[in-house]
Number of protein chains: 2
Amino acid sequence: MTKKMTMADIAELSGVGKSTVSRFFNGGYVKQETREKIQKIIEEYNYKPNAFARLKAKQSRLIGVIVPTLNSKITGRVVTSIDRYLREKNYTTLIQSSDHDIDQELENIQRLIQMNVDGILISSIAITKDHRELFAETQIPIVVLAQEYEEGISIIDDDYSAGRYIGAYIGKTGHQKVGYIGVYETDVAVGIRRKQGVIDGLKEYGITDLIIGKSDYSFIGGQTVAREILEKAPDVDAMICATDRLAFGAYKILQKAGKKIPEDVSVVGFGGYDESTLLTPELTTLKFDSYGMGYFGAETILKMIQKKRVSKKQVVDYKFIKGGSVKNYRCAESPDLL
Amino acid sequence: MTKKMTMADIAELSGVGKSTVSRFFNGGYVKQETREKIQKIIEEYNYKPNAFARLKAKQSRLIGVIVPTLNSKITGRVVTSIDRYLREKNYTTLIQSSDHDIDQELENIQRLIQMNVDGILISSIAITKDHRELFAETQIPIVVLAQEYEEGISIIDDDYSAGRYIGAYIGKTGHQKVGYIGVYETDVAVGIRRKQGVIDGLKEYGITDLIIGKSDYSFIGGQTVAREILEKAPDVDAMICATDRLAFGAYKILQKAGKKIPEDVSVVGFGGYDESTLLTPELTTLKFDSYGMGYFGAETILKMIQKKRVSKKQVVDYKFIKGGSVKNYRCAESPDLL
DNA sequence: CTGAAAGCGCTTACAG
DNA sequence: CTGAAAGCGCTTACAG
């Protein structure tokens, strides 16, 4: 393959028409004998068809994946999972990052549409009116990841239920003064639903007066809000953090302030990063099935392409991970009761 | 844009020929007046040309980026940086993950070549004979990231020097029995050069007898090797880890074994992840400039496309990050001397 | 089961 | 400065 081979070259070398070579690749009728001749040439020259030249094809076998950032543990897991699934099924994954910028995200959507992808998986931090308009205009199947999307298909974490679980856990263990480090409400899944779950979970145990702060998704942001909470409520005895990374920020600030975790302040997060088990004490957290989200997302988009039936909304599982960062006030001598 | 617009549509709507619209996008001669007419229609319909239909174009304005995994902090930084630079310059980044599989990586290279990308940035964990053959066959500019590539252009971390720095640091602080948690030697940069630097740095201080273990890049791998070292040399007083993630594994094992860091065993890594400052004690480590690597890689590939001169090898900087995981035996009362 | 021909959405000499 | 025409590497009816 010293020069780039084309389908015409392969056709000539194998002594067949190029339509036949095309059919060979797209699963059309080709006699076994012809098939073998083509196969031989392809292997000899290591030929791979140019996926982008399939201008007229109904299917491009290209799937676009849009992520808010390439810098996140969770995103890494989701995309890895998608890519594995799709590659297995002979699709090519086109990954685009929006770098937390809505305009860039909209641009990415348009670009992928123009690129004639067969489907788009989008993990957005917020579905805006512009998104809805773009989605409505196109025929291309779209699956929204991690955010609920009423007008279409989505795969979501069970944010409300997870939040409620954690809220109840903190209530049940006898905490009194609770701080919440959340994210902005443009992110409906995490900023609203997860938070609401936490609030409702706490309410079950009579805790209604919590201190709520908001942050972006950064380590620094977590620190800033933790500091604010500590100033407003020096007697805070628990910090619930919308993500593990925010919890990392809380750890940092609490340590600096000379507060012991969990003796003085309990900390809990959402995420279940590997690193969390290394903290002292290990972070109590809740792990969403990110690989599952990627898997179901990929599976669903392929089903949609094949016009199969898919559920409007699929909810992926989560798992509670008990670390040592939450104190049990109710039952100090047997903390494993919970 | 209820249907997909084509250049022909835009041409018709603006009352010009489609060659003119094409020229508009590619910086050819277009009269100001005509330019405005086209501009107006484009904005109205929010048209974006289909990057994949530029079959005949000399330039596709597509740059392929191949990474070993999407699951790494460092890779995330590098790719984010590349994507920002390229987007700024109006190029589209096509990210492909090899998922630590050489065959998949080779496939990715071929696929990108067939896709007619203008250039390829490849961060490989190993350059094999197959790589060299593929690279030699194509005319497409290629920049290798993180590995030295004698036959071409590369951007590398200064692995030897960094290793030597750390080795000398551990020697200087008076350690005696040193374990090294490295990676396999197929990864020349980390598996060989970084290790050699460590060995030479230690030698400067008379330490020649170290216990060397090898691992993949995983948390679990780090644990396994740390355990082995501990068995072989219960009196080990320092563990040098080829990456922070491996150091995390070492922390885990040492904690389990009841060894205090750094009183009983010092630990040091390479990476400089944010999380490392959260460990107790904070991990002493060395941070490579991954954003710089992405930036220089992107800059270099564009220069190559424009047939400008580029250096064969560019070395990105590193920074020593002093945590609290290394004990200074030489001068225990003023540990900040170093 | 196979090939010639038209067409996908764009770019590029070329003639004006 | 602009447009008609040919061509990029593929796919798809269609006729055989």
Side-chain angles (χ1 to χ4, degrees), chain A residues 1 3-39 41-42 45 47-62 90 92 110-118 139-140, chain B residues 1 3-39 41-42 45 47-62 90 92 110-118 139-140:
Chain A
M1 192 170 78
K3 301 201 90 167
K4 228 182 319 173
M5 285 277 138
T6 72
M7 205 168 255
D9 297 327
I10 299 298
E12 190 169 1
L13 286 164
S14 359
V16 301
K18 55 187 185 130
S19 339
T20 309
V21 179
S22 175
R23 247 179 259 115
F24 172 91
F25 279 104
N26 298 295
Y29 294 118
V30 183
K31 192 168 44 172
Q32 183 58 29
E33 195 189 324
T34 317
R35 190 172 284 280
E36 281 162 11
K37 279 196 295 191
I38 299 175
Q39 183 72 45
I41 300 295
I42 285 171
Y45 289 88
Y47 168 76
K48 297 227 186 310
N50 177 349
F52 292 171
R54 315 180 70 232
L55 256 23
K56 207 182 178 184
K58 290 180 197 129
Q59 302 208 165
S60 62
R61 296 197 85 82
L62 258 24
N90 244 300
T92 299
Q110 289 187 106
R111 177 183 294 146
L112 288 173
I113 293 174
Q114 287 290 357
M115 280 177 170
N116 204 28
V117 297
D118 289 346
Q139 311 289 5
I140 296 177
Chain B
M1 191 170 77
K3 301 203 87 168
K4 227 183 320 175
M5 285 280 140
T6 72
M7 206 167 255
D9 298 327
I10 299 298
E12 190 169 4
L13 286 162
S14 0
V16 301
K18 56 186 183 129
S19 338
T20 309
V21 179
S22 174
R23 249 179 257 116
F24 173 92
F25 279 105
N26 298 295
Y29 294 117
V30 183
K31 195 167 43 172
Q32 183 57 30
E33 197 189 321
T34 316
R35 189 172 286 281
E36 281 162 10
K37 279 196 296 191
I38 298 174
Q39 182 71 47
I41 300 295
I42 286 170
Y45 289 88
Y47 169 76
K48 295 228 187 311
N50 177 350
F52 292 171
R54 314 180 70 232
L55 255 24
K56 207 185 177 181
K58 290 180 197 130
Q59 302 208 167
S60 62
R61 296 197 85 83
L62 257 25
N90 245 301
T92 299
Q110 288 188 108
R111 177 187 291 146
L112 288 173
I113 292 174
Q114 287 288 359
M115 279 177 168
N116 204 28
V117 297
D118 289 346
Q139 310 290 3
I140 297 177

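Just so it is clear, the values below take in all heavy atoms, side chains as well, and ignore hydrogens, waters and symmetry mates. Letters go in sequence order (proteins before strands), and every chain restarts at 1. Source: prediction; values computed, not measured.
Residues satisfying the side-chain hydrogen bond (donor to acceptor under 3.5 Å, both in side chains) criterion with B/S19, sequence neighbours excluded, are absent altogether. Under the side chain to side chain contact (heavy atoms under 4.5 Å, CB included) criterion, A/K31 pairs with A/E33, A/T34, sequence neighbours left out. B/A53 meets the side chain to side chain contact (heavy atoms under 4.5 Å, CB included) test with A/L55, B/N50; sequence neighbours excluded. Applying the side chain to side chain contact (heavy atoms under 4.5 Å, CB included) test to A/R54 and every residue at least two apart in sequence or in another chain returns A/N26, A/A57, A/R61.
A/Y29 has its OH atom 17 Å from the P atom of C/dG3, to the nearest Å. Rounded to whole angstrom, the span from the NZ atom of B/K31 across to the C1' atom of D/dG3 amounts to 13 Å. Spacing between atom CD1 of A/I113 and atom P of C/dG9 amounts to 15 Å, rounded to whole angstrom units. Between the C1' atom of D/dG3 and the CD1 atom of B/I10 lies a distance of 17 Å, rounded to the nearest Å.
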Tell me, what's DNA chain C's dot-bracket, Watson-Crick or G-U with both distances under 3.5 Å, | for other-strand, [ ] crossing? |||.||||||||.|||
At under 4.0 Å between heavy atoms, which parts of nucleotides 10-16 of chain D does protein reach? Answer with one letter per nucleotide, 5' to 3': B base, S sugar-phosphate only, - none. BBBS---
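In this structure, the side chains of B/Q32 and B/R35 come closer than 4.5 Å at one or more pairs of heavy atoms. Here the side chains of B/L62 and B/M115 are not in contact, with every heavy-atom distance at 4.5 Å or above.
The CD1 atom of A/I140 sits 8.0 Å away from the OG atom of A/S60 when rounded to the nearest 0.5 Å.
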Can I get a per-line list of side-chain donor-acceptor pairs under 3.5 Å for residues 6-15 of chain B, giving both atom names and the distance, sequence neighbours left out?
{"residue": "B/T6", "atom": "OG1", "partner": "B/A8", "partner atom": "N", "Å": "3.2"}
{"residue": "B/T6", "atom": "OG1", "partner": "B/D9", "partner atom": "N", "Å": "3.3"}
{"residue": "B/T6", "atom": "OG1", "partner": "B/D9", "partner atom": "OD2", "Å": "3.3"}
{"residue": "B/D9", "atom": "OD2", "partner": "B/T6", "partner atom": "N", "Å": "2.9"}
{"residue": "B/S14", "atom": "OG", "partner": "B/I10", "partner atom": "O", "Å": "2.4"}

